[in-house]
Amino acid sequence: MFHSIEKQVARAFHAHLLARYGVDLAVAVEQPRQSEFGELAVPVAFQLARQLRQAPKKIAAEIADEIGAIPGVAALEVAGNGYINVRLDRGVYGAAMLRGDADEPEGSGEKIIVEHTNINPNKAAHIGHLRNAVLGDTFVRMLRAGGYRVEVQNYIDNTGVQVADVVVGFYHLEHKTAADVKALIADPAVRFDYVCWDLYARISQYYKDHPESLNWRGEMLHAIESGAGDAAELAHVVADAIVQCHLATMLRLGIEYDVLPRESEILHLRFWAYAFELLKERKAIYFETEGKLKGCWVMPGLSEEGKVIVRSDGTVVYTGKDIAYQLWKFGLLGKDFYYRPWMTYADGRVLWATTDEPVESGQEFGRGWKVYNVIDTRQSYLQDVVVAGLRALGYQEQADRSTHFNYEMVALSPRCCAELGIPLSEEDRKRPYVEVSGRKGLGVKADDLIDSLIAKALEEVASRNADLPEEQNRRIATQIAIGALRYFLLKFTRNTVIAFDLQEALAFVGETGPYVQYTAVRASKVLRKLEERGEAMPDFARELSPEAMARQLASEDFWQILLAASKADSALAAALAAGEPSHVARYAFQLAQAFSNFYEKYPIIHEENREKKVFLLWMTDYFRRQLERTAGILGIPVPEYM
RNA sequence: GGGCGCGUAGCUCAGUCGGAUAGAGCAUCAGCCUUCUAAGCUGAGGGUCGCAGGUUCGAUUCCUGCCGCGCCUACCA
């Protein structure tokens, strides 16, 4: 609701400035810090002061005097050195909310592709991967809430070095065949992704101790690429099983995908070969004939030496395949995958995976208008190479619409390492944080963290609801765990390194997901209590006249609280514009704070005055809806009770 | 060396396009449960916005330099 007014005010000012001063200005509308200054502030007089060579205060007065009536606005006031403060008509505003006036969604019909998660399928997911997936998933939810059409892709690098290493581990360290590993996967007592986690650390250490054994890796990569033999089969078995683990882990947090594009198909369907020809043809890469990079195909420009795309042994680096993939995402490759169903989600939606077998699936993916790649900021250079590749091929517009949705890494605080029993060098102990490393097996596994959160939440839930069945309490505890974890990962801005701290992640008080959930639970509990007392929910539209609304909203307290609740769309729009899910998280917390205040201060169902009681109930219901909607955008479920 | 990012309360972090008295959570201290769930609420203390210049009506915000920290700078991803 608030967002509509914001836009309306901005439009009115823009039109007036154009007509009166002939100035085409992008009008900024901000929210004053102090509520006494009104609901909106327009600092446009400051911008004009320079051009018109007049005092801001004088210009502001002139504008406020001449602009005329703006729908929904009660008054304009000049304050400070030249602010124009806007006071809304509370009755009109309240009545519009009662009618359920919604802001028109901004989204266009163009398809937006968001790629996230992208975990190497060779070990269990850790907190770093969770940040990626939760950020990506939340951004997707934001876009969809904003009316955009989104396709979610989770790229599976099932033929890369990391998978090869684990397969080498199974082969040379464990002496296991594909059949042995299949049996291991089928064993319900074995957490296969955990087994691989340890094995990956072991083989990495083994390479370090026995550098000559590194040729195993090369051999394995070739075997996988050829696609035949026991080794290739083992690689597929391992990667598929780990993907299954990752999908299960993500599903625990409510994260789903539309399609899994796999690297094996990029190879087998010759996407890369095709892109390679394109790159050569359009002179985006050149063959180096001398020096250090002799025999490589190199993309010049981004760094001093250029970026190797094809190694001297003829194999392509990941970034090369990524260029082919990015071209496909925009529908520029002229080739396409085939698709087969991978699994079905609870709501019946099918997750598709690519295949190289020509089958008619009736599915179409890719051909996006805009592409977001959710990838951590350490890979900025590689992402720049991909975009430079598009540019070099002449796809300027698509390059401009390629966004590296970057974020900082999750590291471990030294204290956290100590708690987890991770030994640290003297040097590491002095650092502010220690990088997670899959190779070293250094990190917090996603499922372990979720399990700890559930256990802790269950303790809490059970102590408050001892009379309820354990199974039911466990379900609630799971929802609380999800809320805690998602909020924890979302409350930081993207470019903040999260120094992971177990105590903080496990916190349920203060600025946390459970606080937001608890508030929503309280709101719906009030409404439920009303019915338990045998009272019906009032017909708000009939009982609350615009006059009654204006009367109640004359209370500064009520007005401020309602105003806060009405800003959900505005907060979402700002967060989308900034590409910053943390803004939504922060708003959810502020919203919860506002309701908690209201809840503590005003008895709702015990209110004697009928008009006021109906109004309070309406406020509660409105809050509940706004809170649930915002939580939903964050992927935070609202439990029945807590 | 080069590129990117960070430095704000004891700790962890926010801080709209340069704007009005720099905020939140945690921690500390003092209060609030016979009334809709205390995972809550109220209040208090706590700041040289890394340092030094510059730009201007105005700088935590923009520019330059310096100091400190991190990441990237692979024929790994």
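In what follows, chains carry the letters A, B, and so on, assigned in the order in which the sequence lines appear, proteins first and then strands, with residues in each chain numbered from 1.
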Review point. Only one of A:Asn118, A:Ile119, A:Asn120 forms a side-chain contact (heavy atoms from CB on, under 4.5 Å) with A:Asp157, so which one is it?
Key: A:Asn120

Review point. Quick one: which of B:C36, B:A39, B:A77 gets closest to the side chain of A:Ile605?
Key: B:C36

Practice item. Look at the rings of A:Phe492 and A:Phe488 and say which category their plane angle falls in: under 30° parallel, 30 to 60° tilted, over 60° perpendicular. Key: perpendicular

Review point. OP1 or OP2 of B:A27 sitting under 4.0 Å from any side-chain N/O of A:Gln503?
Key: no

Check your understanding: Under 4.0 Å: is that the gap between some side-chain N or O of A:Thr315 and OP1 or OP2 of B:C75?
Key -> no

Check your understanding: Hey, is A:Arg378 close enough to A:Glu435 for a salt bridge, meaning N to O under 4.0 Å?
Key -> yes

Point to revise | A:Glu511 CD to B:A14 P, straight-line distance once rounded to whole Å | key: 10 Å

Check your understanding: Starting at CD1 of A:Ile156 and ending at C1' of B:A77, how long is that distance when rounded to a whole Å?
Key -> 15 Å

Exercise for review: Remember a base hit wins even if backbone is also touched, and classify A:Arg494 as base, sugar-phosphate or nothing at under 4.0 Å, heavy atoms.
Suggested key: nothing

**Study point:** Short side-chain donor-acceptor distance under 3.5 Å, A:Ser596 and A:Tyr515
**Key:** yes

Exercise for review: Pull out every residue in residues 516-530 of chain A that has a heavy atom closer than 4.0 Å to any atom of RNA chain B, ordered by number, or say none.
Suggested key: A:Tyr518, A:Val521, A:Arg522, A:Lys525, A:Val526, A:Lys529

Exercise for review: Give a yes or no on whether a salt bridge exists between A:Glu6 and A:Lys567, defined as a side-chain N under 4.0 angstrom from a carboxylate O.
Suggested key: no

Review point. Are A:Glu419 and A:Arg415 close enough for a salt bridge, meaning some N to O gap below 4.0 Å?
Key: yes

Point to revise | P spacing across the pair B:G53 / B:A44, given as an integer number of angstrom | key: 35 Å

Study note, to complete from the structure: Out of B:C72, B:C6, B:C69, minimum distance to the side chain of A:Pro432 belongs to B:C69

Check your understanding: Out of B:A24, B:A77, B:G70, which has the shortest distance to the side chain of A:Tyr433?
Key -> B:G70

Practice item. Would you say whether A:Phe37 stacks on B:A20? The test is a distance between ring centres of less than 5.5 Å and an angle between planes of less than 30°. Key: yes

Practice item. Kindly point out which of B:G15, B:C41, B:U12 is positioned nearest to the side chain of A:Phe492? Key: B:U12

Exercise for review: Please tell me which of A:Glu580 and A:Val161 maps to the more 5' nucleotide of RNA chain B, matching each residue to the nucleotide holding its nearest heavy atom.
Suggested key: A:Glu580

Study note, to complete from the structure: Under the rule of Watson-Crick or G-U wobble with both distances under 3.5 Å, where | means paired to another strand and [ ] a crossing pair, RNA chain B maps to (((((((..((((.....[...)))).(((((.......))))).....(((((..]....))))))))))))....

Review point. Counting any heavy atom closer than 4.0 Å, what does A:Val44 reach on the DNA or RNA strands: base, sugar-phosphate only, or nothing?
Key: nothing

Review point. Could you give the NZ-to-P distance, from A:Lys567 to B:U16, as a whole number of Å?
Key: 15 Å

Review point. Between B:U35, B:C75, B:A20, which nucleotide has the shortest distance from any of its atoms to the side chain of A:Ser312?
Key: B:C75

Exercise for review: Tell me, please, whether A:Phe405 has A:Arg494 positioned over its six-membered ring: NZ or CZ under 6.0 Å from the ring centre and within 45 degrees of its axis?
Suggested key: yes

Study note, to complete from the structure: Of the listed B:A14, B:C26, B:A77, the closest approach to the A:Thr493 side chain comes from B:A14

Check your understanding: Taking atom C1' in both B:U61 and B:C17, what distance in whole Å separates the two?
Key -> 10 Å

Exercise for review: Have a look at A:Val461 and say if it touches a base, only the backbone sugar-phosphate, or nothing, with a 4.0 Å heavy-atom cut-off.
Suggested key: base

Exercise for review: Would you mind reading off the distance between A:Lys491 atom NZ and B:U12 atom P, rounded to a whole angstrom?
Suggested key: 13 Å

Practice item. Specify the separation, in whole Å, of atom NZ of A:Lys601 and atom P of B:C41. Key: 13 Å

Practice item. For A:Ala41, report the nucleic acid contact type (base, sugar-phosphate, nothing); a contact means any heavy atom under 4.0 Å. Key: base

Point to revise | Rounded distance in Å between the P positions of B:C41 and B:G58 | key: 41 Å

Point to revise | d(CD, A:Gln31; P, B:A14) in whole Å | key: 20 Å

Check your understanding: Once you round it to whole Å, what is the distance between P of B:C71 and OH of A:Tyr381?
Key -> 19 Å

Check your understanding: Between the side chains of A:Gln560 and A:Asp557, does any donor sit under 3.5 Å from an acceptor?
Key -> no

Point to revise | Sugar-phosphate, base or nothing in reach of A:Pro43, heavy atoms under 4.0 Å | key: nothing

Point to revise | salt_bridge(A:Lys321, A:Glu263) N-O dist < 4.0 Å | key: yes

Exercise for review: Side chain of A:Glu460 only, please: which of B:C41, B:G15, B:A39 is the nearest?
Suggested key: B:A39

Exercise for review: Check every strand shown and say whether A:Lys294 touches a base, only sugar-phosphate, or nothing at a heavy-atom separation below 4.0 Å.
Suggested key: base

**Study point:** Any A:Arg464 side-chain N or O less than 4.0 Å from OP1/OP2 of B:A39
**Key:** yes

Exercise for review: Just compare B:C41, B:C72, B:G25 and give me whichever is closest to any side-chain atom of A:Ser596.
Suggested key: B:C41

Exercise for review: Specify the glycosidic conformation (syn or anti) of B:C33, with syn defined as within 90° of 0.
Suggested key: syn

Point to revise | Separation of the C1' atoms in B:A59 and B:C51, to the nearest angstrom | key: 16 Å

Practice item. Quote, to the nearest angstrom, the C1' distance that separates B:A27 from B:C33. Key: 24 Å

Check your understanding: Counting side-chain heavy atoms from CB outward, which of B:C75, B:A39, B:C71 is closest to A:Ile480?
Key -> B:A39

Point to revise | Presence of salt bridge, A:Arg522 and A:Glu600, under 4.0 angstrom | key: yes

Exercise for review: Please state whether the phosphate of B:U42, meaning OP1 or OP2, lies under 4.0 angstrom from any side-chain nitrogen or oxygen of A:Asn597.
Suggested key: yes

**Study point:** A:Lys456 charged N/C atom sitting above A:Phe508 aromatic ring, 6.0 Å / 45°
**Key:** yes

Review point. What class does the angle between the rings of A:Phe623 and A:Phe598 fall in, given that below 30° is parallel, 30 to 60° is tilted and above 60° is perpendicular?
Key: parallel

Review point. Does a side-chain N-to-carboxylate-O contact under 4.0 Å join A:Arg528 and A:Glu532?
Key: no

Exercise for review: Take atom P in B:C4 and the same atom in B:U48, then report the distance between them in whole Å.
Suggested key: 31 Å

Review point. Nearest-Å distance, CD1 (A:Ile498) to P (B:U12)?
Key: 14 Å

Study note, to complete from the structure: Closest to the side chain of A:Tyr318, out of B:A77, B:G40, B:C72, is B:A77

Review point. Checking all strands, does A:Asp165 fall into the base, sugar-phosphate, or nothing category for heavy-atom contacts under 4.0 angstrom?
Key: nothing

Review point. So what does A:Phe46 hit on the nucleic acid, given a heavy-atom distance under 4.0 Å: a base, only sugar-phosphate, or nothing?
Key: base

Practice item. Taking atom C1' in both B:U8 and B:U60, compute the distance separating them and give it to the nearest angstrom. Key: 7 Å

Check your understanding: Does the base of B:A77 carry an N or O that pairs as donor and acceptor with the side chain of A:Asn122 under 3.5 Å?
Key -> no

Check your understanding: Toward the 5' end of RNA chain B, which comes first, A:Cys296 or A:Glu435, by nearest nucleotide?
Key -> A:Glu435

Exercise for review: For B:A39 versus B:U34, give the span between their P atoms, rounded off to a whole number of Å.
Suggested key: 15 Å

Revision key, fill the gap. Test side chain to side chain donor-acceptor pair (under 3.5 Å), reference A:Asn373, set A:Gln379, A:His404, A:Gln383, A:Gln153, output is A:Gln383

